[in-house]
Amino acid sequence: MRKLVYDLETTSLNVHKAIILGIAICFGVGVAVYIAFPNDSKKVEQILSELKPFFEDETIEKVGHNLKYDNQVLKRYGINVKGRLHDTMVMSYVTAPNRESHGLKHLSKVLLNYQQIEFDDIAVGKTKKSKTLEGIDPNIVKNYACEDVDQTLQVFNNLLPQIKDNSLSKVYDLDCDLVPTITDMEFTGVKIDSDKLSVIESEIDTELSIIKASIDQIVGGEINLNSQPQLNKLLFDKFNLEPIGDKGISGYWSVSASVLKRLLPQHSIIKPILDYKGLIKVKTTFIKALKKVNPVTGRLHASINQCITETGRLSCSKPNLQNIPSRTVGKRLRECFVASGDNHTLIGVDYSNIELRIMAIISQDPIMVNAYRNKEDLHTLTASKALQIDRSMVDKQLRNVGKLINFGLIYGMTAKGLQQSLYQNAGKEYSIEQCQSFINSYFELYQGVAKCREELIYKATVNGYTETLFGRKRPLQHINSNDSFKREGAKRLALNTPIQGSASDIIKMAMVNIHNRITKEGLQSKMLLQVHDELLFDVPNNELKYMETLIKYEMENAVHLPIALEVDLQTGETWADVH
DNA sequence: TATACCGCGTT
DNA sequence: GACGTACGCGGTATAG
């Protein structure tokens, strides 16, 4: 099999503006070819069109570092890279998700003991952020680019045996298959209704100034509500409120929302402060984020990161679209995520209770498995058993308590954690003892889960890592620590990571299969976002019915497990309509 | 200007 | 003494 190892040097990390300065290519273990492109888009296009057949040859394996980036640049020049992909960043990630860096230079240093030329040493620019290779002597760029290609191939050869020896091939292949999917998602971006965004912003501005005025009046002067020291002075010195909770490392009392809520009865200023904090967060974080629309494409292109989390989940940044409000005051912002045109519709699909189902599958707990097979309501069942009441007595509120206990299980709950969760999310005040008894009753009901937890912890203790259903491994350095706090933390991860990570593996499989079908069948539909157990699509209306069936099928059948997976699918004009 | 800490949005 | 997973990112405070 022939291998094409390649690396591009561009003037900007923003792929929609990227101008190629250099490209180094090496066919297998051979001679590196370096081509310097002048800052001349015609010339770039001409040379790239000559290289196109190699990139698009299905029989040539491709090796690169962070190919999501390079392939996106190539895509912009009309090249759709085909053939088996190998990505050394992904290799680093699956072999050691906790590695301090997955950067090529770091890998080269720690795996091959080679010190590469640093970008900062050859690039020019005033600040670290604005450094660029533009205008640099082509010979210098050449050495830099060729070194990257050389080291990429060496890192590849170094890590490939590790993947095979540690049975990581399955998740490695999965993550490689996902690269083109994510490349396309980033490239596509999402359409934002900027007019609606402006309307929402001005409404929030108005409300903010009203609240701010009333606060200033009560205070009798200006105060910065974002400042913990200033709020401490105001509340605990000037107004003499009784502090709740504890001081942080900084020496100030916490003034977080949960603390402020408990201070509500003490002073009339607390309510407007809470309102202000909620709104200012929406303005400074989320509205600001949605304004980062790319002027060239007119769409919002976030970074979807594949090699960050230790569980195998994706993350999202610049901006983070995985934490746009869905329940709190800013949830209206989801109305600004719209279909790409008049004849397009959004489809939102989420797995229902995927993590709990995986818990049932991993543990093979008979009560839990039966509940799912018989389509019983697990939250109600949990509530009745944990609270030791008859099932007919479980109302909506108590069902919610059951739900929170079920969630607590996944996170490795302690009595204290459960107490806080029940107070914050359900407004229920239980004693530590009561919460401990809930947990005890819980594990009495789900004995298979209790046993499974012990086994997972034992396995982690022996192996030094925990793993997902599909073999993705997460090292747990502290699992045998003498420090009980660290050790207990690692024990929670020994349970949580298989659940969270397996769910993530499954949605990744679904994403790959859906993307493959869209590509192979020549469909115009686009996958836009992934939010851990949820996918968002933009589809032309003439594909709507077909895509609904396709997506539902591929998500529910991504993998066949002892308990069936179910998804909820919705269609609509905006993200708010489909969630 | 860079870093630490706090706080908070999602799952 | 900490006491629920996984993140990204905004702000202030502080040190350089």
Side-chain angles (χ1 to χ4, degrees), chain A residues 97-98 126-129 224-232 245-260 274 277-289 292 302-305 308-331 333-334 350-351 353-356 359 404-422 424-425 432 435-436 439 466 474 483-501 503-504 507 529-534 575 579:
Chain A
N98 60 340
K126 284 187 181 133
T127 63
K128 202 166 178 164
K129 251 183 124 182
N224 184 349
L225 298 169
N226 298 316
S227 161
Q228 195 184 10
Q230 285 192 42
L231 260 187
N232 265 243
D246 31 36
K247 287 185 179 180
I249 306 168
S250 57
Y252 297 107
W253 296 102
S254 166
V255 284
S256 66
S258 64
V259 170
L260 289 176
L274 275 167
K277 283 196 161 212
L279 286 171
I280 202 76
K281 169 95 178 168
V282 174
K283 180 179 167 67
T284 57
T285 304
F286 300 114
I287 292 183
K288 196 172 163 190
K292 296 189 176 170
S303 297
I304 300 170
N305 314 307
I308 300 268
T309 75
E310 296 198 24
T311 54
R313 274 187 172 185
L314 302 180
S315 87
C316 183
S317 56
K318 296 190 299 182
N320 181 1
L321 299 182
Q322 286 181 324
N323 73 341
I324 301 300
S326 69
R327 305 192 304 267
T328 51
V329 59
K331 64 184 175 190
L333 289 178
R334 293 199 173 208
D350 66 286
Y351 281 109
N353 287 326
I354 187 167
E355 294 192 335
L356 266 184
M359 182 75 261
L404 292 166
I405 295 174
N406 279 332
F407 268 107
L409 156 82
I410 291 167
Y411 298 143
M413 65 183 159
T414 62
K416 185 166 182 179
L418 183 61
Q419 182 189 38
Q420 269 189 2
S421 161
L422 292 175
Q424 279 182 9
N425 299 300
I432 289 281
C435 290
Q436 188 57 56
I439 294 173
T466 189
R474 175 182 190 177
D483 181 334
S484 72
F485 184 66
K486 287 183 179 171
R487 195 174 59 242
E488 291 304 317
K491 283 185 184 177
R492 284 196 292 272
L493 300 182
L495 175 70
N496 174 266
T497 298
I499 300 172
Q500 198 180 105
S504 171
I507 196 169
L529 295 175
Q530 187 250 43
V531 191
H532 310 309
D533 68 352
E534 166 194 354
W575 197 6
H579 186 264

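So that the names make sense, note that chain A is the first sequence line, chain B the second, and so on, each numbered from 1. Just the heavy atoms: all of them, side chains too, but no hydrogens, waters or symmetry mates, feed the values below.
Atom OH in A:Tyr252 sits roughly 19 Å away from atom P in B:dA4 (whole-Å rounding). Taking atom CG on A:Leu231 and atom C1' on B:dC8, their separation rounds to 15 Å, with Å as the unit. Atom CG of A:Asn98 and atom C1' of C:dC7 are 16 Å apart (whole Å). Spacing between atom CH2 of A:Trp575 and atom P of B:dG9 amounts to 16 Å, rounded to whole angstrom units. Rounding to whole angstrom units, CG of residue A:Asn320 and P of C:dC9 are separated by 6 Å. Rounded to an integer number of Å, the gap from A:Asn226 CG to B:dC6 P is 16 Å. What separates CG of A:Asn323 from C1' of B:dC8 is a distance of 9 Å, to the nearest Å. With rounding to whole Å, A:Met359 atom CE is found 18 Å from C:dG4 atom P.
The side chain of A:His579 contributes an N or O atom lying less than 4.0 Å from OP1 or OP2 of B:dT11. Taking 4.0 angstrom as the limit, A:Ser254 places a side-chain polar atom (N or O) nearer than this to OP1 or OP2 of B:dG7. Proximity of A:Arg313 to the phosphate of B:dT10: no side-chain N or O atom is located under 4.0 Å from OP1 or OP2. For A:Thr285 and B:dG9, the shortest distance from a side-chain N or O to OP1 or OP2 is not below 4.0 Å. Between A:Gln228 and the phosphate of C:dA13, there is no side-chain N or O to OP1/OP2 separation shorter than 4.0 Å. The side chain of A:Thr328 contributes an N or O atom lying less than 4.0 Å from OP1 or OP2 of B:dT10. Regarding contacts with the backbone of C:dA13, a side-chain N or O of A:Ser227 is found under 4.0 angstrom from either OP1 or OP2. For A:Asn224, a side-chain nitrogen or oxygen approaches OP1 or OP2 of C:dT12 to under 4.0 Å. Between A:Ser315 and C:dG8 there is a side-chain polar atom (N or O) within less than 4.0 angstrom of OP1 or OP2. In terms of phosphate contacts, A:Ser326 brings no side-chain nitrogen or oxygen within less than 4.0 Å of OP1 or OP2 of B:dG9.
With A:Thr284 as reference, A:Ile280 is the one residue of A:Ile280, A:Ile287, A:Val282 to meet the side-chain contact (heavy atoms from CB on, under 4.5 Å) rule.
In this structure, A:Thr414 OG1 and A:Ile432 CD1 are separated by 7.5 Å, a value rounded to the nearest 0.5 Å. For the atom pair NE2 of A:His532 and CG of A:Asp350, the computed distance is 13.0 Å after rounding to the nearest 0.5 Å. The structure places CG of A:Leu321 at 8.0 Å from CD1 of A:Ile304, a figure rounded to the nearest 0.5 Å.
If you check every strand for non-hydrogen atoms under 4.0 Å, A:Glu355 touches nothing. As judged by a 4.0 angstrom heavy-atom cut-off over every strand, A:Ile249 is placed among residues touching the sugar-phosphate backbone only. Contact annotation for A:Gln500: base contact, defined as any heavy-atom pair under 4.0 Å involving a base atom. A:Leu314 comes within 4.0 angstrom of no nucleic acid atom, judged by non-hydrogen atoms across all strands. Across all strands, A:Phe407 comes closer than 4.0 Å to base atoms (heavy-atom distances). Within 4.0 Å of A:Ala289, counting heavy atoms only, lies no atom of the nucleic acid at all. Counting any heavy atom pair closer than 4.0 Å across all strands shown, A:Leu493 reaches sugar-phosphate atoms only and no base atom. Contact annotation for A:Val282: no contact, since no heavy-atom pair falls under 4.0 Å across all strands. Across all strands, A:Ile308 comes closer than 4.0 Å only to sugar-phosphate atoms, never to a base (heavy-atom distances). Nucleic acid contact for A:Gly248: sugar-phosphate only, since backbone atoms but no base atoms lie under 4.0 Å from a heavy atom of the residue.
When the nearest nucleotides of DNA chain C are assigned to A:Leu404 and A:Cys316 by heavy-atom distance, the more 5′-ward of the two goes with A:Leu404.
When the C1' atom is used for both C:dG1 and B:dC8, the distance is 24 Å, rounded to whole Å. Here the separation of C:dT5 from B:dT3, taken at their P atoms, is 26 Å to the nearest Å.
In this structure a side-chain-to-backbone donor-acceptor pair under 3.5 Å is missing from A:Arg313 to A:Gln500. A donor-acceptor pair under 3.5 Å is formed between the side chain of A:Ser504 and the backbone N or O of A:Gly312. A donor-acceptor pair under 3.5 Å is absent between the side-chain atoms of A:Ser421 and the main chain of A:Gly417, judged by distance alone.
Of all nucleotides listed (C:dA2, B:dT10, B:dG7), C:dA2 comes nearest to the side chain of A:Asp483. In the set C:dG8, B:dG9, C:dA6, the nucleotide with an atom closest to the side chain of A:Ser317 is C:dG8. The side chain of A:Thr309 lies closest to C:dC7 when the candidates are C:dC7, C:dG4, C:dA13.
You'll find the side chain of A:Arg492 stays beyond 4.5 Å of the side chain of A:Met413, heavy atoms only.
Within 3.5 Å, no donor on the side chain of A:Thr414 pairs with an acceptor on the base of C:dG4, nor the reverse.
An aromatic stack links A:Phe485 and the base of C:dA2, using centre distance under 5.5 Å and interplanar angle under 30°.
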